[in-house]
Amino acid sequence: MNTWSTADMILLLLSHTVVLLRVSAQHNLTPFGTATQISTYSRGIPQNAIKPPVSNAFSFDICTHTGIVSRAPAWWMFQFSFGIAYITDITIYYREQYASRMDGFKLYVTNTSTIPPEGYLCYEDPDPGLPNITQTIPCNQLGRYVIYYDTKEDSTYGPIIELCYVAINGCRKGFWGSNCEKMCSEYCIERNCYPGNGSCIYGCNTDNCLNDSCNKFTGICTDGCMERRTGDFCDKYNLAYDSSVLINPNSRYPGSLANDGSKISCSKTKGPTVTFQVDLKEESIVTGVYILFGEHNTKVGSHTLYASNTSNSWKTGTILFEDQFLPTRINVSAVFRYLTYVPPSQGTSAELEVCEIGILGCPPSHYGTVCNKLCPGNCNGPCDLETGNCIFGCLNGWIGNKCEQACQDGKYGKNCLKTCSANCVNPQCNKMTGECIGGCNDGWQEPECTQKCPFGQFGKNCSEFCHGCISQMCDHVNGLCDNSTACKPGYVYDEYCNTTCIDGLYGSHCRQICSPFCLHVPCDRTTGECIGGCMSGLQGFNCMQVSVNTSECDDEVLTRTGIFSGGILIRIFMTVVVCYVIRKKRQLQNKQSKEKASTKTQSCSHDQQHYDDVRMENVSTYQDLRKDTESSEYDQINTAYINH
Ligand SMILES: *[C@@H]1O[C@H](CO)[C@@H](O)[C@H](O)[C@H]1NC(C)=O
Ligand SMILES: *[C@@H]1O[C@H](CO)[C@@H](O)[C@H](O)[C@H]1NC(C)=O
Ligand SMILES: *[C@@H]1O[C@H](CO)[C@@H](O)[C@H](O)[C@H]1NC(C)=O
């Protein structure tokens with residue numbers, strides 16, 4: 001469809017201003033189209049009828065003239081360049097003194113250029129009598145073509161058409177006003193309205209109007225709106241519909257009458273302190289508030305609208321509106337849960353009547369005027385209610401107004417600002433989390449590969465351990481010990497310290513030999529402890545004590561002791577002492593059990609004497625034997641020997 005260009009308008013102003021003023025208050029549409037006719041006689045071309053002068057005076061240069069030989073019906077046709085127009089009326093200036101040729105003409109508005117015309121017959125010149133050569137014919141029809149049609153033959157010639165001027169008044173479809181400058185309401189069905197007053201031609205669109213009722217001139221829904229709609233045309237989403245409305249003080253006309261969609265039912269109250277509060281049930285982005293007040297309101301004084309996130313401390317919230325008149329339509333841009341209106345208080349009492357409340361906004365993750373569009377999936381929170389842009393940014397891994405673009409390879413995170421770790425095996429990583437795809441280089445912890453291996457670990461996936469290094473300190477990548485001079489006891493020295501002592505040896509640099517009394521070799525490589533147990537009759541850390549359960553200090557112990565080389569004398573001595581201690585201990589045990597039955601004092605001094613002897617011979621640890629007979633003393637004895 002063509003649009004009305006500036007050039008058209010200028011042309012109109014220059015050449016037709018006079019015409020417009022004289023012809024009609026309505027807009028003449030003939031500058032916006034072309035004329036044709038069945039045939040042309042002399043210079044009487046079809047365009048002559050749509051160009052000034054506006055008169056009935058004849059000349060071949062200012063009026064049309066169809067051919068004179070044909071007996072066929074004559075026609076003149078105008079076609080709008082922009083498509084369809086609503087034609088209110090058509091004014092015709094016919095050649096003066098030739099009403100006889102005009103006699104019996106017909107005027108059509110059609111959508112096709114078919115001849116004979118197929119469409120709406122606006123007018124047919126009646127019989128008898130001759131027509132007025134200047135006529136304004138009302139038509140009120142939508143169409144693409146205007147056809148002047150004449151079948152009646154002249155006395156000497158066939159039908160002839162001689163139009164000196166034609167004005168077609170109306171507006172392009174969808175517009176109205178004296179210059180067709182206003183758009184018909186979108187709530188008029190098919191957006192058709194009368195050019196004169198803009199009222200809907202086929203009625204108003206009641207789709208969202210309560211009770212299907214709308215004002216056919218304005219399209220405004222008269223009774224109110226259907227569910228979740230608000231605004232004059234009920235074309236906006238109403239957050240208040242699902243809210244709860246409270247008026248204070250309570251009355252027979254509860255708050256719910258203000259969000260039921262109906263303009264007819266109103267919530268009313270009266271009292272010293274009056275409030276009207278809408279609870280949206282969750283914090284919501286709000287772009288506007290409509291309040292339709294009833295008749296009973298205290299008007300004089302200050303009217304205040306508060307927005308708050310709490311119901312009781314609304315007064316500390318944001319003031320959305322404060323003025324000396326009733327607020328009816330307010331554009332806001334706020335996030336809140338509670339909207340509270342406080343009317344002015346007149347002395348002891350205030351009166352309030354609210355028929356409808358509309359709160360513009362959308363339920364979470366929706367946008368659009370009726371909130372029927374879903375916010376983009378990668379928005380971080382709600383989106384702009386108009387554009388759907390992600391106003392609170394994107395989820396990690398996405399960028400763009402609608403967060404529709406994934407981060408480029410190698411980038412990740414919020415706004416794609418982070419770079420994948422250089423320690424990733426692949427240069428790419430998960431765009432949301434930064435986790436390396438394909439794992440980390442040696443020495444780095446999965447999944448992000450930004451942290452070195454935990455202490456004491458190294459290598460691929462940090463799966464290797466450098467236990468042998470001093471304090472477990474080693475390079476996180478290759479495992480080389482940080483201390484390059486020694487290993488922990490139990491490990492053979494090399495730069496990795498990853499070889500343990502050979503069986504039978506232990507300690508620093510593996511220089512010590514496991515106890516000969518260990519039942520199994522190896523002993524603990526770090527401490528030398530006989531971890532596999534002791535030979536029969538012995539016990540303790542390195543099996544240097546005689547076991548309580550041993551029947552006697554048998555030959556095997558002595559033999560072994562003898563065989564073992566190094567410190568032989570000390571060991572023999574030690575063995576003897578140990579055997580002695582064991583015997584004494586047995587005696588003590590026997591005696592103690594007897595003492596429990598008989599007197600305590602009897603043999604006490606005797607035993608005491610023995611112990612004293614032992615103490616003299618041996619280390620002080622023996623003292624402990626007196627106190628109890630648990631096995632722990634042996635460990636102490638043992639410790640004493642080790643320390644020796
Ligand atoms: C021409 O078409 C429009 C819709 O496209 C219709 O409303 C109108 O009635 C039609 N006019 C005629 C004369 O048939
Ligand atoms: C013819 O039309 C003119 C202008 O519209 C009007 O003044 C006049 O009275 C009309 N004459 C007849 C006979 O209808
Ligand atoms: C309500 O809370 C939101 C944040 O959750 C805040 O942005 C907003 O400003 C608060 N509204 C009011 C009126 O305090």
**Request:** Evaluate whether atom CG of Asp494 has more than 12 neighbouring non-hydrogen atoms of other residues, nucleotides or ligands under 6.0 angstrom away.
**Result:** yes

**Message:** Strictly below 4.0 Å, N to O, side chains only: are Asp242 and Arg228 in salt-bridge contact?
**Reply:** yes

**Message:** I want to check something: taking the side chain as every heavy atom from C-beta on, are Thr340 and Leu305 in contact at a cut-off of under 4.5 Å?
**Reply:** no

**Item:** Residues Arg329, Asp232; criterion side-chain contact (heavy atoms from CB on, under 4.5 Å); working and verdict
**Value:** CA-CA 11 Å; Arg329 286 177 201 200; Asp232 282 343; 2.4 Å; yes

**Distance flag, aromatic centroids of Tyr338 and Trp314, threshold under 6.0 Å** = no

**Prompt:** Do Cys407 and Cys416 have their SG atoms less than 2.5 Å apart?
**Reply:** yes

**Asked** Just wondering, do His509 and Val492 contact through their side chains at under 4.5 Å, heavy atoms?
**Response** no

**Prompt:** Less than 2.5 Å separating the SG atoms of Cys543 and Cys534?
**Reply:** yes

**Request:** Please tell me if the side chains of His467 and Tyr491 come closer than 4.5 Å, counting only heavy atoms from C-beta onward.
**Result:** yes

**Prompt:** Taking the side chain as C-beta and beyond, is there a heavy-atom pair between Asp503 and Arg525 under 4.5 Å?
**Reply:** yes

**Prompt:** Do any N or O atoms from the side chain of His476 and from the backbone of Lys452 form a donor-acceptor pair under 3.5 angstrom?
**Reply:** no

**Prompt:** When you look at His366 and Cys375, which way does the side-chain contact (heavy atoms from CB on, under 4.5 Å) test go after all the steps?
**Reply:** CA-CA 5 Å; His366 285 75; Cys375 290; 5.7 Å; no

**Asked** Is it true that the SG atoms of Cys429 and Cys420 are less than 2.5 Å apart?
**Response** yes

**Asked** Any side-chain heavy atom of Asn250 sitting closer than 4.5 Å to one from Thr269?
**Response** no

**Request:** May I ask you to check whether over 12 heavy atoms, not counting those of Lys418, lie within 6.0 Å of atom NZ?
**Result:** no

**Message:** Would you say that more than 12 heavy atoms from the other residues, nucleotides or ligands in this model lie under 6.0 Å from the CD of Glu404, or not?
**Reply:** yes

**Item:** Test log, rule disulfide bond (SG atoms under 2.5 Å apart), inputs Cys487 and Cys497
**Value:** CA-CA 6 Å; Cys487 299; Cys497 297; 1.9 Å; yes

**Request:** Output, in order, the C-alpha distance, side-chain angles, deciding distance and verdict of disulfide bond (SG atoms under 2.5 Å apart) for Cys481 and Cys474.
**Result:** CA-CA 4 Å; Cys481 294; Cys474 67; over 6 Å; no

**Message:** Could you check whether atom NZ of Lys460 has more than 12 heavy atoms from other residues, nucleotides or ligands sitting under 6.0 Å from it?
**Reply:** yes

**Item:** Cys523 and Cys518 SG atoms less than 2.5 angstrom apart
**Value:** no

**Message:** Do Val286 and Leu280 have side chains that approach each other closer than 4.5 Å (heavy atoms only, starting at C-beta)?
**Reply:** yes

**Asked** For the cysteines Cys436 and Cys424, is the SG separation below 2.5 Å?
**Response** yes

**CZ on Phe458 to OH on Tyr496, rounded to 0.5 Å** = 8.0 Å

**Asked** Taking Cys390 and Cys383, which are both Cys, do their SG atoms fall under 2.5 Å of each other?
**Response** no

**Prompt:** Does Gln408 CD have over 12 foreign heavy atoms under 6.0 Å away?
**Reply:** no

**Request:** Step by step, work out the side-chain contact (heavy atoms from CB on, under 4.5 Å) result for Gln277 and Val245.
**Result:** CA-CA 6 Å; Gln277 189 171 72; Val245 184; over 6 Å; no

**Asked** Checking side-chain contact (heavy atoms from CB on, under 4.5 Å) for the pair Glu283/Phe336: CA distance, chi angles, key distance, verdict?
**Response** CA-CA 5 Å; Glu283 286 170 15; Phe336 60 84; over 6 Å; no

**Message:** Could you check whether any side-chain heavy atom of Gln405 comes within less than 4.5 Å of a side-chain heavy atom of Trp398, counting everything from C-beta outward?
**Reply:** no

**Residue pair Val370 / Lys236, side-chain heavy-atom distance below 4.5 Å** = no

**Message:** Strictly under 2.5 Å separating the two SG atoms? Check that for Cys379 and Cys403, please.
**Reply:** no

**Item:** Asp235 bridged to Arg229 by N-O distance under 4.0 Å
**Value:** no

